[in-house]
Amino acid sequence: MPEDLALITGAGRGIGRAISLRLASAGIPVVLVARSDEEITLLRNEIIERGGKAYATPCDITISTEVNALRDDIESEIGTVNILINNAGIAPSLKLEDTTDEIWRETMSVNLDGAFYMSRAFIPAMKNDGGHVISIASTAAFEGFRYTAAYTASKHGLLGLMRALAAEFKSSSIKFSTICPGFTRTQILEESILSVMERGKSREEAESAFAKLNRTSRIIEPEEIAETVYRIIIDRNLPSGLAYHSDGTLI
């Protein structure tokens with residue numbers, strides 16, 4: 001079987017960064033993808049300094065032609081991706097009437113269109129030797145939260161996409177998994193905490209409010225999700241089409 005090669009979107013920060021570091025530490029070469037190359041270049045250098053293999057490749061995954069060009073460049077210069085991590089995402093928080101057409105479309109483009117374009121581009125090369133597509137969704141993939149119409153709809157769609165692909169490729173050796181974490185300590189959550197603090201709450205009160213919405217009643221660390229991703233990848237016996245909490249338990 002060919003050597004694993006993992007591609008992580010939204011790799012420069014937060015959950016994507018943690019996943020990249022975890023896979024690289026296990027000896028899996030990683031292709032780091034984000035719109036801007038500054039953060040992924042720094043991360044690539046950090047991984048290489050630690051003895052890992054990493055490549056930094058900027059790409060706007062909301063543009064299908066860029067995604068196709070990315071695939072062609074990787075396959076000609078690096079190798080065949082057999083682990084695809086659809087992680088890139090944005091999370092606007094707005095009342096329905098304040099959710100503009102532009103915000104709705106951008107959220108769908110990043111959270112759902114990007115995962116579709118990446119899957120369509122990279123899955124065909126996995127048909128011969130197998131592969132694994134893992135999408136980072138959210139608890140918003142199976143329940144609703146106030147002021148997150150666009151985000152919640154996009155994550156429902158992402159979970160549905162993974163389930164549809166698992167059914168379509170059931171007879172192949174390609175696996176599809178979805179991880180649905182709750183509120184995680186990322187820049188997105190930090191922005192939400194600051195927004196709550198602007199309304200007169202302390203940081204402790206703001207963090208506590210978000211923690212209580214999680215199944216574990218605490219904020220999730222990105223490294224926890226990264227560990228779950230790694231465990232799912234190395235367990236070759238797990239069925240395709242499953243959805244997991246951040247700790248790896250089934251939903």
For residues 169-181, which residue pairs pass the side chain to side chain donor-acceptor pair (under 3.5 Å) check, not counting sequence neighbours?
His132-Ser177

For Asp247, all residues meeting salt bridge (Lys or Arg N to Asp or Glu O under 4.0 Å), sequence neighbours excluded
Arg215

Any donor-acceptor pair under 3.5 Å from Asn82 side chain to Leu5 backbone
yes

From Ile123 atom CD1 to Lys127 atom NZ, the distance as rounded to the nearest 0.5 Å:
9.0 Å

Do Val30 and Leu7 have side chains that approach each other closer than 4.5 Å (heavy atoms only, starting at C-beta)?
no

Between Pro58 and Ile40, which heavy-atom pair has the shortest distance, and what is it?
N-CD1, 3.8 Å

Please check if Phe176 and Leu250 belong to a single hydrophobic cluster, counting links between Ile, Leu, Val, Met, Phe, Trp and Tyr side chain heavy atoms closer than 4.5 Å.
no

If hydrophobic clusters are built from ILVMFWY residues whose side chains come within less than 4.5 Å, do Leu23 and Val133 share one?
no

Do Ile74 and Ile28 land in one hydrophobic cluster if side-chain heavy atoms of ILVMFWY residues count as linked below 4.5 Å?
no

Is there side-chain contact between Thr62 and Asp113, with heavy atoms separated by less than 4.5 Å?
no

When every non-hydrogen atom of Pro181 is compared with those of Ile179, the smallest separation belongs to CD-O, 3.2 Å

By the salt bridge (Lys or Arg N to Asp or Glu O under 4.0 Å) test, which pairs, at least two apart or in different chains, include something from residues 58-82?
Arg35-Asp60

Residue pairs involving residues 73-97 (criterion ring-ring contact (aromatic ring centres under 6.0 Å, His included); sequence neighbours excluded):
none

Scan residues 133-148 for pairs that pass side chain to side chain donor-acceptor pair (under 3.5 Å), counting only residues two or more places apart or in two chains.
Asn86-Ser135, Ser138-Tyr151, Thr148-Thr152

Linking Ile, Leu, Val, Met, Phe, Trp and Tyr through side-chain heavy atoms less than 4.5 Å apart, which residues share a cluster with Val110?
Ile90

Tell me, please, which residues at least two apart from Arg218 pass salt bridge (Lys or Arg N to Asp or Glu O under 4.0 Å).
Glu224

Indicate the atoms forming the closest heavy-atom contact of Ala206 with Val196, along with that distance.
CB-CG1, 3.7 Å

Considering all heavy atoms, the nearest Asn87-Gly10 contact
ND2-O, 3.1 Å

Less than 3.5 Å apart, which donor and acceptor atoms pair up between the side chains of residues 12-22 and the rest of the protein, not counting sequence neighbours?
unit_1	atom_1	unit_2	atom_2	d
Arg13	NE	Glu39	OE1	3.2
Arg13	NE	Glu39	OE2	3.4
Arg13	NH1	Gln187	OE1	2.5
Arg13	NH2	Glu39	OE1	3.3
Arg13	NH2	Glu39	OE2	2.9
Arg17	NH1	Glu46	OE1	3.4
Arg17	NH2	Glu46	OE1	2.9
Arg17	NH2	Glu46	OE2	3.3
Ser20	OG	Gly16	O	2.8
Arg22	NE	Glu227	OE1	2.7
Arg22	NH1	Ser25	OG	3.1

Are the side chains of Pro92 and Thr99 in touch, meaning some heavy atoms are under 4.5 Å apart?
no

Ser154 versus Thr107, closest heavy-atom pair with distance:
OG-CG2, 4.0 Å

Residue pair Leu70 / Val33, side-chain heavy-atom distance below 4.5 Å
yes

By ring pair (Phe, Tyr, Trp, His ring centres under 6.0 Å), Phe210 pairs with (sequence neighbours left out) Phe183

Stepwise, does the side chain to side chain contact (heavy atoms under 4.5 Å, CB included) test hold for Lys53 with Glu3?
CA-CA 12 Å; Lys53 291 183 180 180; Glu3 180 184 40; 4.0 Å; yes

Do the side chains of Phe122 and Tyr117 join up, straight or via other hydrophobic residues, at under 4.5 Å, putting them in one cluster?
yes

How far does OG1 of Thr80 sit from CD1 of Ile83, to the nearest 0.5 angstrom?
12.5 Å

Evaluate the side-chain proximity of Leu165 to Met162: yes if any heavy-atom separation is below 4.5 Å, no if none is.
yes

CG of Asp4 to CG of Asp129: how many Å apart, nearest 0.5 Å?
11.0 Å

Lys155 side-chain N/O to Leu112 backbone N/O, donor-acceptor pair under 3.5 Å:
no

Rounded to the nearest 0.5 Å, how far does SG of Cys59 lie from CG of Asp37?
12.0 Å

Within the side chain of Ser217, is there an N or O that forms a donor-acceptor pair under 3.5 Å with the backbone of Leu213?
no

Measuring from Leu32:CG to Thr41:OG1, what's the distance to the nearest 0.5 Å?
8.5 Å

Considering non-hydrogen atoms only, spot the tightest contact between Tyr230 and Ala26 and give its length.
CE1-CB, 3.4 Å

Residues passing the salt bridge (Lys or Arg N to Asp or Glu O under 4.0 Å) test with Glu190, sequence neighbours excluded, are Arg203

Which residue pairs pass the salt bridge (Lys or Arg N to Asp or Glu O under 4.0 Å) test when at least one of the two sits in residues 81-98, sequence neighbours left out?
none

Hydrophobic cluster membership, Leu159 vs Ile251, 4.5 Å side-chain cutoff
no

Can you pull the ring-ring contact (aromatic ring centres under 6.0 Å, His included) pairs that have at least one residue in residues 52-91, sequence neighbours excluded?
none

Would you give the length of the straight line joining atom OG1 of Thr184 to atom CD1 of Ile220, rounded to the nearest 0.5 angstrom?
4.5 Å

So Met118 and Leu84, do their side chains get closer than 4.5 Å, heavy atoms only?
yes

With side chains defined as the heavy atoms from C-beta onward, is the minimum distance between Thr249 and Tyr244 less than 4.5 Å?
no

When you measure from the side chain of Glu207 to the backbone N and O of Glu204, does any donor-acceptor pair fall under 3.5 Å?
no

